[in-house]
Chemist: 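Structure incoming, see below.
Lettering of chains follows the sequences in order, A, B, ..., and the numbering in each one begins at 1.
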Protein chains: 2
Amino acid sequence: MENYIITISREFASMGRTIASRMSEMLGIEYYDRDIVEKVSREMGLPVPQISEEEEKASSYFSRSFPLGNSTTELQDQIFAVQQGVIGRLAEQESCIIVGRCADYILAGHKRILNVHIYTSHENKYQNCINYLHLDPRDAKRLIKTVDRAREAYHIRYAGYFPDDPAHNDLLVDSSALGVDGTAALLAEMAKLKFGL
Amino acid sequence: MENYIITISREFASMGRTIASRMSEMLGIEYYDRDIVEKVSREMGLPVPQISEEEEKASSYFSRSFPLGNSTTELQDQIFAVQQGVIGRLAEQESCIIVGRCADYILAGHKRILNVHIYTSHENKYQNCINYLHLDPRDAKRLIKTVDRAREAYHIRYAGYFPDDPAHNDLLVDSSALGVDGTAALLAEMAKLKFGL
């Protein structure tokens, strides 16, 4: 039986990564998130902080309108190309959950794939920042404002559509409806129904 | 224990009504769709076709920009007001599923409510029109083009937002991911998780 893949794009502080982690326990498969940056770092012989920094530049609204010279843009695109390879090989090797990184776009056309987007309201994000991510209120407000915009810009740049575009997702869910455990249980159930697990 | 309510807005030919019907069997509760028009008709002493016709006018993009005289607009608004009453009383009387009719807006603030939107791609809609709704290809194409626009206009007019607005839904699902039975099973599971059934 071919591997199955679940891709999760998520809004900042929607608890998407924690939900992915719970799903991974429920389904007995790995989930990948920051690990992908580490794999890219090893393949390219560049330190992790440099990869992250280049990705942040690629996520800036300005980088598209005013690219900072060709060499910078080229490096960002090289990182994306290596990342495509890493994600493609993960999907070949094993059933898994991949969080973020345009995995839905990179793996489009995969035979057994479930694309999910996790969102929640501004108020819930703020509460999650304080109660679960233990951020101070000022950082919480700043990050809520900036992180989603950066993720959207990155997704638009490489995939050409917004991460919450229904046409590119099987399901969009507000994580506050069922909370972390409930949302993970619902999505694991969806995987079971879709892939006949 | 207070009643629980599931509202379903759906795109034309996304099989939303059939999914609601299966959910109703799975959860052992009623689902209401056209029945609401019949109840409104009885309360207002107007025939069902006239109610439908007035609702269609209210769904026209033009009726908002160029209302056809005050009396027409007033009748549409009266119908909506009576419908609000009908839906409010249904929610008080019993746990149930309500399809369409801005029920998500009318019942906003209800303590035990799950708001769901069902969509699918243009290609899937066309296939559903042919295979399940047994429409001829020309009617299918015309209805796919017009029905969703009318529903959106109706929703915008009375609720003030689009039916697929994530901020007003707990979940949006592409019905082609799991098909009718699978989607109904997933949504019934969500109701069980949310309401502790």
Side-chain angles (χ1 to χ4, degrees), chain A residues 4-7 9-11 14 16 19 22-23 26 104 108 110-125 148 152 161-197, chain B residues 4-7 9-11 14 16 19 22-23 26 104 108 110-125 148 152 161-197:
Chain A
Y4 70 88
I5 310 295
I6 303 168
T7 74
S9 64
R10 78 292 185 212
E11 289 183 357
S14 69
I19 291 166
R22 298 283 162 89
M23 286 171 69
M26 289 172 181
D104 54 322
H110 190 284
K111 282 199 193 84
R112 300 181 85 208
I113 194 162
L114 177 63
N115 299 315
V116 169
H117 179 76
I118 300 176
Y119 65 93
T120 197
S121 70
H122 187 283
E123 175 58 25
N124 290 326
K125 283 176 199 174
D148 283 338
E152 280 178 3
Y161 54 86
F162 284 104
D164 64 349
D165 185 343
H168 292 276
N169 282 288
D170 296 298
L171 178 130
L172 296 85
V173 63
D174 182 337
S175 57
S176 73
L178 302 179
V180 166
D181 287 342
T183 308
L186 183 77
L187 296 177
E189 181 64 22
M190 188 173 192
K192 287 176 191 167
L193 286 164
K194 176 147 186 177
F195 303 126
L197 307 178
Chain B
Y4 69 89
I5 310 295
I6 303 168
T7 73
S9 65
R10 77 293 184 212
E11 288 183 358
S14 68
I19 291 166
R22 297 284 163 86
M23 284 171 69
M26 289 172 182
D104 54 320
H110 191 284
K111 282 201 194 84
R112 299 180 85 206
I113 194 163
L114 178 62
N115 298 315
V116 169
H117 179 75
I118 299 176
Y119 65 93
T120 197
S121 70
H122 187 282
E123 174 58 25
N124 289 327
K125 283 176 196 172
D148 282 338
E152 279 177 4
Y161 55 86
F162 284 103
D164 64 348
D165 185 342
H168 293 276
N169 282 288
D170 296 297
L171 178 129
L172 296 84
V173 63
D174 182 337
S175 57
S176 73
L178 302 179
V180 167
D181 288 342
T183 308
L186 183 77
L187 296 178
E189 180 64 22
M190 188 172 190
K192 286 177 191 167
L193 286 164
K194 179 151 185 174
F195 304 126
L197 307 178

Chemist: Looking at B:L171 and A:Y119, what are the two nearest heavy atoms and their distance?
Modeler: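 Here B:L171 and A:Y119 meet closest at N-OH, 4.1 Å.
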Chemist: Could you check which of B:L172, B:L114, B:D164, B:V116 has the highest count of heavy-atom pairs closer than 4.5 Å to chain A?
Modeler: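 Most heavy-atom pairs under 4.5 Å with chain A: B:L172.
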Chemist: Give the minimum heavy-atom separation between B:A177 and A:K194, together with the two atoms involved.
Modeler: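 Where B:A177 meets A:K194 most closely, the heavy atoms are O-CD, 3.8 Å.
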Chemist: Answer with side chain, backbone, both or neither: which region of A:L178 has an atom nearer than 4.5 Å to a non-hydrogen atom of chain B?
Modeler: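 The answer is the side chain of A:L178.
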Chemist: Measure distances from B:N169 to the heavy atoms of chain A and classify the residue's part below 4.5 Å as side chain, backbone, both or neither.
Modeler: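 Contact with chain A is through both the backbone and side chain of B:N169.
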Chemist: Name the option with the most non-hydrogen atom pairs under 4.5 Å to chain A; the candidates are B:N115, B:T120, B:L193.
Modeler: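 Highest number of pairs under 4.5 Å: B:L193.
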Chemist: Of the listed residues (A:P166, A:S121, A:G182), which shares the most heavy-atom pairs with chain B below a 4.5 Å separation?
Modeler: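 Ranked by contacts with chain B, first place is A:P166.
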Chemist: Within this structure, what is the CE-CG distance for the pair B:M190 and A:L187, rounded to the nearest 0.5 Å?
Modeler: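 CG of A:L187 is found 9.0 Å from CE of B:M190.
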